Visitor: 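Let me give you the structure first, and then I'll get to my questions.
The model shown is predicted, which means the values in this text are computed figures rather than measured ones. FYI, side chains are in, hydrogens and waters are out, and symmetry mates aren't considered; it's all heavy atoms of this structure. Just so you know, residue 1 is the first one in the sequence shown, and it goes up from there.
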Amino acid sequence: MRSSLECIPCFVRQALEAGQQVCDDELLLEKVMKRILCEISGFDLSLSPPEMGQKIHRILREEMNVLDPYRQVKENASMVALSMVDNIRQLIDEQTMPFDAAVRFSIAGNILDFGLISAWDDSKIMDSFQNALEKPVDSKMIQQLKNAVHKAENVLFLADNVGETVFDKLLIEQLPDHLDVTYGVKASPVINDATEVDAVVAGIDKIARVINNGTDAPGTPLEQCSGRFKQCFRSADLIIAKGQANFETLNEVGREIYFLTQIKCPQIARYYEYEVGEWVVTTTSELRNIQVVESGSER
């Protein structure tokens, strides 16, 4: 998904919020922001928003000389998620449709997004989990995903945020026993996205093969990914992609992908006729159908 002019003020806001999250030295932050503003001014809007996020966070790490500025934040998110997981697993097991419930809690975990600090609200986070079973989600698309996982022999599951990984594990536990599962993470830290270490903390390595995609970008910009990851991507019978950054980088690829996310961006909402805050289960073919209808309309 290409960036738009409306993304520019969002890039600036995210950069400032990210800098304030990890730095209280105003002089250093001023230096960082000036450098980031120069990068934003020259950014090619034909690229996806996460690719600008990659540049922003590379600058933050370099200027602050910290490999993982969000390390403590990620540890806290994992701790909170792990404290909830046993109760939620029991709740899933008690449902008449446990796969449906596991999908919902996996999407609920997508609220743990430190790329959107201004939207961060403890009450919204708790609401995301407390209302997971009642939240409107396209039940036909969940059933379509369930049918797809039963037909597949192997699946590539693309991670998003730390903490969210814990709830992804609950969904993976609901997949058929015959399914060979690979869990794709980032090669190195960016915001609070999951790396191999974070996947191990969540216990993903006990039920799936963990592979990094070779990049430090939010989402999955395929042209940057390693050859090993691309081969895994091409050979997977089924791909499940979590979160908005994976949606933004993979929504126009030439193969079927199932997206599970919360809609957080007004531009995405407007383009695909979603609502901000909506929980979405969709596929690349469904998204293409929306584009076809939109391009054929008079609007």
Visitor: State yes or no: do Val155 and Leu158 share one hydrophobic cluster built from I, L, V, M, F, W and Y residues joined by side-chain heavy-atom distances below 4.5 Å, directly or via other members?
Guide: no
Visitor: Once the angle between the rings of Phe43 and Phe11 is folded into 0 to 90°, is it parallel (under 30°), tilted (30 to 60°) or perpendicular (over 60°)?
Guide: perpendicular
Visitor: Please determine whether residues Val280 and Val276 belong to a single hydrophobic cluster, defined as Ile, Leu, Val, Met, Phe, Trp and Tyr linked transitively by side-chain heavy-atom distances below 4.5 Å.
Guide: no
Visitor: Which residues pass the ring pair (Phe, Tyr, Trp, His ring centres under 6.0 Å) test with Phe105, sequence neighbours left out?
Guide: none
Visitor: Ignoring hydrogens and geometry beyond distance, is a side-chain donor-acceptor pair present between Asn110 and Gln262 at under 3.5 Å?
Guide: no
Visitor: With distance as the sole criterion, is a donor-acceptor pair present between the side chains of Arg270 and Gln267 under 3.5 Å?
Guide: yes
Visitor: Just by distance, do the side chain of Thr283 and the backbone of Ile257 share a donor-acceptor pair under 3.5 Å?
Guide: no
Visitor: Report the residues that fulfil side chain to side chain contact (heavy atoms under 4.5 Å, CB included) with Asp216, sequence neighbours left out, ordered by chain and then residue number.
Guide: Gln54, Arg58, Arg61, Ser188
Visitor: Tell me, do Asp193 and Val162 make a side-chain contact under 4.5 Å, heavy atoms counted?
Guide: no
Visitor: Evaluate whether atom NZ of Lys31 has more than 12 neighbouring non-hydrogen atoms of other residues, nucleotides or ligands under 6.0 angstrom away.
Guide: no
Visitor: Looking at Gln143, I want to see if its CD is surrounded by more than 12 non-hydrogen atoms of other residues, nucleotides or ligands under 6.0 Å.
Guide: yes
Visitor: Hey, could you give me the CE/CD1 distance between Met33 and Ile59, rounded to the nearest 0.5 Å?
Guide: 10.0 Å
Visitor: Which pair of heavy atoms, one from Phe259 and one from Thr284, lies closest together, and at what distance?
Guide: CE1-CG2, 3.6 Å
Visitor: Please tell me if the side chains of Phe157 and Val185 come closer than 4.5 Å, counting only heavy atoms from C-beta onward.
Guide: no
Visitor: Please say yes or no: joined through hydrophobic side-chain contacts below 4.5 Å, possibly via intermediate residues, are Met79 and Val166 part of one cluster?
Guide: no
Visitor: In terms of side-chain geometry, is the basic nitrogen of Lys74 or Asp68 positioned less than 4.0 Å from the acidic oxygen of its partner?
Guide: yes
Visitor: Can Thr215 and Gln224 be counted as having a side-chain donor-acceptor contact under 3.5 angstrom?
Guide: no
Visitor: Using modelled atom types only, decide if a donor and an acceptor are shared between the side chain of Asn246 and the backbone of Ala241 within a distance under 3.5 Å.
Guide: no
Visitor: Salt bridge or not for Arg35 and Glu62, using N-O below 4.0 Å?
Guide: yes
Visitor: Distance alone, cut at 3.5 Å: any donor-acceptor contact between the side chains of Gln90 and Asp86?
Guide: no
Visitor: Mind checking whether Val12 and Pro9 have side chains closer than 4.5 Å, heavy atoms only?
Guide: no
Visitor: Verify the neighbour count for atom CD of Glu26: are there more than 12 heavy atoms of other residues, nucleotides or ligands below 6.0 Å?
Guide: no
Visitor: Could you go through the side chain to side chain contact (heavy atoms under 4.5 Å, CB included) check for Val103 and Leu171 one step at a time?
Guide: CA-CA 6 Å; Val103 168; Leu171 176 53; 3.8 Å; yes
Visitor: Within the 4.5 Å heavy-atom criterion, are Phe167 and Ile107 side-chain neighbours or not?
Guide: no
Visitor: Do Leu170 and Val85 make a side-chain contact, defined as non-hydrogen atoms from C-beta onward lying under 4.5 Å apart?
Guide: yes
Visitor: Looking only at heavy atoms, what is the nearest atom pair of Cys225 and Thr220, with distance?
Guide: SG-CG2, 3.8 Å
Visitor: With heavy-atom distances below 4.5 Å as the criterion, would you say the side chains of Arg13 and Leu16 are in contact?
Guide: no
Visitor: Ignoring hydrogens and geometry, is there a side-chain-to-backbone donor-acceptor pair from Asn131 to Glu134 under 3.5 Å?
Guide: no
Visitor: Give a yes or no on this: more than 12 heavy atoms of other residues, nucleotides or ligands lie within 6.0 Å of atom CG of Asn147.
Guide: yes
Visitor: Give a yes or no on whether a salt bridge exists between Lys169 and Glu173, defined as a side-chain N under 4.0 angstrom from a carboxylate O.
Guide: yes
Visitor: Go through the steps to decide whether Asp180 and Arg209 satisfy the test salt bridge (charged side-chain N to carboxylate O under 4.0 Å, His left out), and finish with yes or no.
Guide: CA-CA 8 Å; Asp180 182 25; Arg209 182 185 307 105; 3.4 Å; yes
Visitor: Between Asn212 and Ala187, what is the shortest heavy-atom contact and its length?
Guide: OD1-CB, 3.4 Å
Visitor: Would you name the heavy atoms of Pro49 and Cys7 that are closest together and state the gap between them?
Guide: CG-SG, 4.1 Å
Visitor: Determine, step by step, whether Arg228 and Gln231 satisfy the side chain to side chain contact (heavy atoms under 4.5 Å, CB included) criterion, reporting the C-alpha distance in whole Å, the side-chain angles of both residues, the deciding distance to 0.1 Å, and the verdict.
Guide: CA-CA 5 Å; Arg228 176 175 176 241; Gln231 175 57 34; 5.9 Å; no
Visitor: Can you name the closest pair of heavy atoms from Ser83 and Val80 and give their distance?
Guide: OG-O, 2.6 Å
Visitor: Hydrophobic clustering (ILVMFWY, side-chain heavy atoms < 4.5 Å, transitive) - are Leu238 and Val210 grouped together?
Guide: yes
Visitor: So, Ser48 and Glu51: side-chain donor and acceptor under 3.5 Å apart, yes or no?
Guide: yes
Visitor: Take Leu179 and Val149 through the side chain to side chain contact (heavy atoms under 4.5 Å, CB included) test and state the conclusion after the steps.
Guide: CA-CA 8 Å; Leu179 201 59; Val149 299; 4.2 Å; yes
Visitor: Less than 4.5 Å apart, side chain to side chain, heavy atoms only: is that true for Tyr183 and Ile211?
Guide: no
Visitor: Can you measure from CZ (Arg71) to CG (Asn76) and round to the nearest 0.5 angstrom?
Guide: 10.0 Å
Visitor: Is it the case that the side chains of Asp168 and Thr165 hold a donor-acceptor pair, with the cut-off being a distance below 3.5 Å and no angle test?
Guide: no
Visitor: Mind checking the CG-NZ spacing from Leu133 to Lys135? Nearest 0.5 Å is all I need.
Guide: 13.0 Å
Visitor: Passes side chain to side chain contact (heavy atoms under 4.5 Å, CB included), Ile92 versus Gln174? Steps please.
Guide: CA-CA 9 Å; Ile92 289 171; Gln174 293 296 322; 3.7 Å; yes
Visitor: Between the side chain of Ser106 and the main-chain N/O of Ala102, is any donor-acceptor distance below 3.5 Å?
Guide: no
Visitor: Strictly by modelled atom types, are Gln244 and Thr261 linked by a side-chain donor-acceptor pair under 3.5 Å?
Guide: no
Visitor: Check this for me: does any side-chain nitrogen of one of Arg104 and Asp100 sit under 4.0 Å from a carboxylate oxygen of the other?
Guide: yes
Visitor: Verify the neighbour count for atom CE of Met141: are there more than 12 heavy atoms of other residues, nucleotides or ligands below 6.0 Å?
Guide: yes
Visitor: Return yes when atom CD of Glu275 has more than 12 non-hydrogen atoms of other residues, nucleotides or ligands closer than 6.0 Å, and no otherwise.
Guide: no
Visitor: I want to check something: taking the side chain as every heavy atom from C-beta on, are Glu39 and Met52 in contact at a cut-off of under 4.5 Å?
Guide: yes
Visitor: Hey, any chance Phe129 and Met97 share a hydrophobic cluster, counting ILVMFWY side chains that come within less than 4.5 Å of each other, even indirectly?
Guide: no
Visitor: Can the ring centres of Phe247 and Tyr272 be said to be less than 6.0 Å apart?
Guide: yes
Visitor: Would you name the heavy atoms of Ala152 and His178 that are closest together and state the gap between them?
Guide: O-NE2, 2.7 Å
Visitor: So, does Glu256 use its side chain to make a donor-acceptor pair with the main chain of Ser285 at under 3.5 Å?
Guide: yes
Visitor: Ala236: which residues meet the side chain to side chain contact (heavy atoms under 4.5 Å, CB included) condition with it, sequence neighbours left out?
Guide: Asn154, Leu156, Ile239, Arg255
